[in-house]
Amino acid sequence: MKKNLLQLLLDKNLITEEEHVQIREDSFKRGCSEEQIILSDLKIDLNQLILILENDFNIFYTELESNSKKNQAFKLISREVADRYGLIPFYDNSNEVHVAFSNPFEIKVIDELKFITNKKIKIFFALSSNIDQAIENCYGKQIVDVAVEEMRKEYMLEEGEKNEEAHSEFSTENAPVIRITNSLLKQAVNAEASDIHLEPFKDFAILRMRVDGILNEINQIPSNVYKSLCTRIKIMANMDIATKLIPQDGKITENIDGIDYDFRVSSLPTMYGEKLVIRVLYKVERFINLDSLGFSCDKVMILKDILKLSHGMIVVAGPTGSGKSTTLYALLNEINSKSKNIVTIEDPIEYNMPRINQVNVNNKAGLTFSTGLRSILRQDPDIIMLGEIRDEETAQIAVRASITGHLVLTSLHTIEY
């Protein structure tokens with residue numbers, strides 16, 4: 001008799017009778033299998049689930065490789081199939097393909113994959129979040145590779161042989177450089193990257209993304225392709241494409257999957273061309289509460305209690321990309337209310353927040369952190385958010401404000417050892 005995952009969980013006392021009934025009801029209401037609800041909602045501890053899948057169903061768990069260069073098996077199926085069924089092939093040989101599924105109990109999908117690949121299918125289980133990331137890494141890189149190859153062929157033509165049709169390709173939405181740019185931004189958003197680094201060297205350029213504070217290389221492209229990519233990004237960011245010997249700043253607003261994202265672009269002249277760093281600015285709704293930041297429950301309770309104080313200072317410290325700004329905005333969201341006058345001074349303003357007065361530092365106009373903070377103190381604030389303490393004067397004013405009836409939230413850049 002075929003084993004039933006839901007019944008096994010009940011027999012092993014890993015779920016209660018009430019949970020058993022609830023899962024069955026949810027399955028009926030949502031029009032999906034019981035297994036899908038158990039696996040996607042993680043109704044039990046992941047380690048216990050992994051043991052059951054291995055011991056009772058001979059389905060092994062995989063975390064999937066983060067480096068898409070090592071995975072070429074994904075080319076056996078289309079992205080449409082991968083997205084539709086929540087799966088990713090991650091290894092293949094002459095007669096077998098290893099496929100990670102978010103729901104490995106979809107038997108009819110196995111038959112379809114056998115037909116598509118003409119190979120045996122070995123089933124693995126992976127978290128849906130890991131599969132989504134792998135899909136974006138693999139197919140996003142494929143988009144870049146195809147576009148780069150098209151541009152290689154374009155550059156191989158003699159300048160005199162390029163006709164107007166070839167030139168106009170770069171102004172259409174299907175132009176290779178535009179596809180590379182769009183794919184790069186979408187990859188970063190889906191990976192929840194904080195920054196994209198585009199770094200030119202003698203014969204090639206490296207594309208890297210910072211995820212969870214760690215820089216990962218995602219691709220390499222030829223130098224001539226990079227020049228076109230660099231120009232495209234500078235145009236999108238309203239930067240001067242003729243100026244290449246001094247640093248510049250710009251901003252891109254792009255709609256990705258129906259959501260507007262802001263990208264802050266910074267250029268820096270290097271030996272082999274301009275290095276670009278793109279900071280990804282997510283909408284504040286993505287981290288509307290402290291519970292979504294990954295703190296333990298007891299730490300969240302401590303933070304919420306501290307936020308009830310009428311004065312004092314909360315300092316968020318850490319290296320670049322560690323989540324200082326994200327944490328500060330989450331704290332502000334927690335205490336934002338009609339009865340509070342909240343004023344921030346930032347460099348720059350990264351997220352627009354409702355009902356909060358946000359001030360942007362303007363050093364050229366003499367509006368620094370210290371001068372801005374002095375002015376804010378004359379605006380009858382209840383809560384002040386200071387983007388970063390950078391000098392002794394600012395630190396002194398912030399401390400003085402915190403002991404004279406104001407709650408001050410700020411960050412301090414520290415070095416990771």
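Taking both residues in full, the closest heavy atoms of Ala188 and Val280 are given as CB-CG2, 4.1 Å, listed atom of the first, atom of the second, then distance. The two residues Thr270 and Pro200 come nearest to each other via the heavy atoms OG1-CG, 3.8 Å. Considering all non-hydrogen atoms of both residues, Asp92 and Ala73 come closest at OD1-CB, 3.7 Å. Gln220 and Ile206 make their closest contact through CG-CG1, 4.2 Å (heavy atoms, listed as atom of the first residue, atom of the second, distance). Taking every heavy atom of both residues into account, Ile246 and Ser267 meet most closely at O-OG, 4.2 Å. Across every non-hydrogen atom of Phe101 and Ile131, the tightest pair is C-CD1, 3.3 Å.
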Please set out all donor-acceptor pairs under 3.5 angstrom arising from side-chain atoms of residues 395-408, sequence neighbours excluded.
{"residue": "Gln396", "atom": "NE2", "partner": "Glu392", "partner atom": "OE2", "Å": "3.4"}
{"residue": "Ser402", "atom": "OG", "partner": "Val399", "partner atom": "O", "Å": "2.6"}
{"residue": "Thr404", "atom": "OG1", "partner": "Arg400", "partner atom": "O", "Å": "2.9"}
{"residue": "Thr404", "atom": "OG1", "partner": "Ala401", "partner atom": "O", "Å": "3.2"}
{"residue": "His406", "atom": "ND1", "partner": "Ala401", "partner atom": "O", "Å": "3.1"}
{"residue": "His406", "atom": "ND1", "partner": "Thr404", "partner atom": "O", "Å": "3.4"}

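In this structure, the side chain of Ser183 does not engage the main chain of Arg179 through any donor-acceptor pair within 3.5 Å. The closest donor-acceptor contact from the side chain of Ser411 to the backbone of Gly387 lies under 3.5 Å. Of the possible donor and acceptor atoms, none in the side chain of Thr410 sits under 3.5 Å from a partner among the backbone N and O of Val315. In this structure a side-chain-to-backbone donor-acceptor pair under 3.5 Å is present from Ser102 to Gly86. Asn190 places no side-chain N or O within 3.5 Å of a backbone atom of Ile135 that could act as its donor or acceptor partner. Although no hydrogens or angles enter the test, the distance criterion places no donor-acceptor pair under 3.5 Å between the side chain of Asp262 and the main chain of Thr253. For the pair Asn336 (side chain) and Pro354 (backbone), a donor-acceptor distance under 3.5 Å is present. Using modelled atom types, no side-chain atom of Gln48 and backbone atom of Leu14 make a donor-acceptor pair closer than 3.5 Å. Judged by distance alone, with hydrogens and angles left aside, the side-chain atoms of Lys324 form a donor-acceptor pair with the main-chain N or O of Pro319 at under 3.5 Å. Within the 3.5 Å criterion, the main-chain N or O of Asn238 finds no donor-acceptor partner in the side chain of Lys251.
Legend: residues meeting salt bridge (charged side-chain N to carboxylate O under 4.0 Å, His left out) with Asp298, ordered by chain and number and at least two apart, are absent. Legend: residues meeting side chain to side chain donor-acceptor pair (under 3.5 Å) with Glu254, ordered by chain and number and at least two apart, are absent. By the side chain to side chain donor-acceptor pair (under 3.5 Å) test, Thr243 is found to be paired with Asp240, residues two or more places apart in sequence or in another chain being considered. For Asp195, the salt bridge (charged side-chain N to carboxylate O under 4.0 Å, His left out) partners at least two apart in sequence or on another chain are Arg279. For Thr371, the side chain to side chain donor-acceptor pair (under 3.5 Å) test picks out Thr368, with sequence neighbours left out. Not counting sequence neighbours, the partners of Lys234 by the salt bridge (charged side-chain N to carboxylate O under 4.0 Å, His left out) test are Glu274. Partners of Arg208 under the side chain to side chain donor-acceptor pair (under 3.5 Å) rule, at least two apart in sequence or in another chain, are Glu199. Judged as a salt bridge (charged side-chain N to carboxylate O under 4.0 Å, His left out), and not counting sequence neighbours, the contacts of Arg79 are Asp83, Glu136.
Side-chain contact between Met236 and Val265 is absent, with no heavy atoms from C-beta onward closer than 4.5 Å. Side-chain atoms of Lys227 and Cys230, non-hydrogen and from C-beta on, never get closer than 4.5 Å to each other. Contact annotation: the side chain of Val189 never approaches that of Asp257 to less than 4.5 Å [non-hydrogen atoms, C-beta and beyond]. Using a 4.5 Å cut-off on side-chain heavy atoms (C-beta onward), Met271 and Lys202 make no contact. With contacts defined as side-chain heavy-atom distances shorter than 4.5 Å, the pair Ile178/Arg232 qualifies. For the pair Leu331 and Ile314, the minimum side-chain heavy-atom distance is below 4.5 Å. Contact check for Met353 versus Leu332: side-chain heavy atoms found under the 4.5 Å cut-off. Residues Asp56 and Leu51 have side chains not in contact (no heavy-atom distance under 4.5 Å, counting atoms from C-beta outward).
Rounded to the nearest 0.5 Å, atoms OH (Tyr85) and CD1 (Ile77) are 10.0 Å apart. We find the CG-CG distance between Leu53 and Leu39 to be 6.5 Å, quoted to the nearest 0.5 Å. How far CD1 of Ile121 is from CG of Leu113: 5.0 Å, rounded to the nearest 0.5 Å. Expressed to the nearest 0.5 Å, how far CG of Leu6 lies from CD1 of Ile23 amounts to 5.0 Å.
Side chains of Thr344 and Glu346: a donor-acceptor N/O pair is present below 3.5 angstrom, by distance only. Between the side chains of His20 and Glu18, no donor-acceptor pair is found at a separation under 3.5 Å. Side chains of Asp347 and Asn362: no donor on one and acceptor on the other come within 3.5 Å. With no hydrogens or angles considered, a side-chain donor-acceptor pair links Asp391 and Thr394 at under 3.5 Å. A side-chain donor from one of Asn255 and Asp260 sits under 3.5 Å from a side-chain acceptor of the other. Donor-acceptor pairing under 3.5 Å is recorded for the side chains of Gln7 and Asp11.
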Side chain to side chain contact (heavy atoms under 4.5 Å, CB included) between Leu367 and Asn360, intermediate numbers included
CA-CA 8 Å; Leu367 179 55; Asn360 208 113; over 6 Å; no
Show, in sequence, the C-alpha distance, side-chain angles and deciding distance for Lys340 and Ile383, and conclude whether the side chain to side chain contact (heavy atoms under 4.5 Å, CB included) test is met.
CA-CA 7 Å; Lys340 301 286 186 183; Ile383 297 158; 4.2 Å; yes
Test log, rule side chain to side chain contact (heavy atoms under 4.5 Å, CB included), inputs His197 and Arg210
CA-CA 8 Å; His197 289 239; Arg210 187 181 298 279; 4.3 Å; yes
Could you go step by step and tell me if Ile342 and Asn357 meet the side chain to side chain contact (heavy atoms under 4.5 Å, CB included) rule?
CA-CA 6 Å; Ile342 304 176; Asn357 305 286; 6.0 Å; no
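Between Phe90 and Phe124, the two ring planes are perpendicular [angle over 60°; tilted spans 30° to 60°].
Judged as a ring pair (Phe, Tyr, Trp, His ring centres under 6.0 Å), the pairs with a partner in residues 128-150 (not counting sequence neighbours) are, in order, Phe74-Tyr139. Each ring pair (Phe, Tyr, Trp, His ring centres under 6.0 Å) pair with one or both residues in residues 44-65, not counting sequence neighbours, appears once here: Phe57-Phe105, Tyr61-Phe125. Applying the side chain to side chain donor-acceptor pair (under 3.5 Å) test to pairs two or more places apart or on separate chains, none has a residue in residues 300-316.
Other residues, nucleotides and ligands contribute more than 12 heavy atoms inside 6.0 Å of the CZ atom of Arg84.
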